Amino acid sequence: MRFEYTDGKNEDFIGLCHSLDDFLNSLVGGEENRADYIPYNALDDIHDVIVVYDEDNPIGCASFKKYDNKCAEIKRVFIKEKYRGKGISQKLMTKLEGLAKNQGYSFFILESGEPLVAAMKLYYSIGYKVISNYGPYVDMKNSICMRKAL
């Protein structure tokens with residue numbers, strides 16, 4: 001496995017984000033059922049990305065964007081199905097947390113939800129705690145927001 005640091009313009013990252021969107025659509029019964037979330041997943045303001053490769057094959061990604069001077073928001077975490085359950089997401093999150101910490105961030109926040117069982121299990125297992133919904137997710141009852149000190 002190779003972990004490559006890049007940005008939101010990386011073609012492999014963009015392709016993985018499309019795969020993530022397809023996965024989310026299948027999980028919730030179509031894009032129309034997650035339409036409220038789509039505007040908050042644009043790649044325009046994502047500058048910090050890690051793509052995971054199995055040889056030259058992109059198999060996963062994670063990114064973050066600035067939320068405020070001390071806090072960054074995790075975005076677009078995804079591992080292709082064939083590679084899930086092998087500890088790759090934990091390594092990816094550790095590297096992402098290190099990158100944010102090196103940039104001076106003290107906290108990570110994220111938005112997830114109950115249908116994302118594996119993601120929620122991962123976040124709990126690596127120390128994320130549920131918080132009140134923040135920002136655009138305040139009135140979204142299906143959102144679960146989390147935070148971790150870096």
Side-chain angles (χ1 to χ4, degrees), residues 1-28 31 34 37-131 133-137 140 142-150:
M1 295 293 141
R2 174 172 52 95
F3 295 82
E4 183 177 305
Y5 295 81
T6 185
D7 61 31
K9 293 178 175 32
N10 178 283
E11 289 183 24
D12 291 334
F13 174 64
I14 293 168
L16 288 163
C17 287
H18 291 307
S19 295
L20 170 58
D21 290 336
D22 291 343
F23 170 72
L24 293 171
N25 289 341
S26 70
L27 197 62
V28 301
E31 187 172 300
R34 58 183 205 86
Y37 295 90
I38 292 172
Y40 309 113
N41 289 313
L43 305 183
D44 301 343
D45 53 353
I46 295 178
H47 306 289
D48 295 284
V49 173
I50 301 174
V51 176
V52 185
Y53 292 88
D54 179 8
E55 296 190 14
D56 290 330
N57 180 30
I59 63 161
C61 61
S63 63
F64 66 85
K65 66 179 185 177
K66 180 179 180 177
Y67 187 77
D68 63 32
N69 288 337
K70 292 286 183 187
C71 185
E73 182 182 21
I74 296 173
K75 304 298 289 182
R76 314 308 295 180
V77 178
F78 180 70
I79 302 290
K80 287 184 177 178
E81 188 172 2
K82 174 182 171 183
Y83 294 91
R84 294 178 191 158
K86 300 176 188 250
I88 298 167
S89 58
Q90 286 184 338
K91 290 177 188 170
L92 179 59
M93 291 301 295
T94 298
K95 290 182 180 300
L96 196 70
E97 290 170 358
L99 180 61
K101 192 172 182 177
N102 287 341
Q103 291 185 21
Y105 290 107
S106 301
F107 299 94
F108 257 156
I109 56 173
L110 63 87
E111 183 276 335
S112 191
E114 286 186 22
L116 297 166
V117 175
M120 294 297 295
K121 183 178 176 184
L122 167 69
Y123 299 138
Y124 283 124
S125 75
I126 59 176
Y128 285 80
K129 306 287 186 214
V130 174
I131 59 171
N133 287 6
Y134 62 87
Y137 309 109
M140 293 186 182
N142 294 322
S143 289
I144 297 174
C145 294
M146 304 180 92
R147 180 177 188 244
K148 180 181 179 180
L150 299 176

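These numbers come from a predicted model, not from an experiment. As a basis for the values below, the full set of heavy atoms in this structure was taken, side chains included, without hydrogen atoms, waters or symmetry mates.
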Indicate every side-chain donor-acceptor pair of residues 95-102 with a distance under 3.5 Å to a residue at least two apart or in another chain.
from: Glu97; atom 1: OE1; to: Lys148; atom 2: NZ; distance (Å): 3.2
from: Glu97; atom 1: OE2; to: Tyr128; atom 2: OH; distance (Å): 2.9
from: Glu97; atom 1: OE2; to: Lys148; atom 2: NZ; distance (Å): 3.2
from: Asn102; atom 1: ND2; to: Gly98; atom 2: O; distance (Å): 3.4

side-chain hydrogen bond (donor to acceptor under 3.5 Å, both in side chains) partners of residues 48-64, not counting sequence neighbours, each pair once: Asp12-Tyr53, Asp48-Gln103, Asp54-Tyr83

side-chain hydrogen bond (donor to acceptor under 3.5 Å, both in side chains) partners of Ser106, counting only residues at least two apart: none

side-chain hydrogen bond (donor to acceptor under 3.5 Å, both in side chains) partners of Asn69, counting only residues at least two apart: Lys66

Lys80 side-chain N/O to Pro58 backbone N/O, donor-acceptor pair under 3.5 Å: yes

May I have the list of side-chain donor-acceptor pairs in residues 112-122 shorter than 3.5 Å, sequence neighbours left out?
none

Arg147: side-chain hydrogen bond (donor to acceptor under 3.5 Å, both in side chains) partners, not counting sequence neighbours: none

Heavy-atom check, side chain of Lys9 versus side chain of Val49, under 4.5 Å: no

By side-chain hydrogen bond (donor to acceptor under 3.5 Å, both in side chains) - contacts of Tyr137 (at least two apart): Lys75

Sub-6.0 Å ring centroid separation between Tyr134 and Tyr67: yes

Phe108: ring pair (Phe, Tyr, Trp, His ring centres under 6.0 Å) partners, not counting sequence neighbours: Phe64

For Asp45, all residues meeting salt bridge (charged side-chain N to carboxylate O under 4.0 Å, His left out), sequence neighbours excluded: Lys65

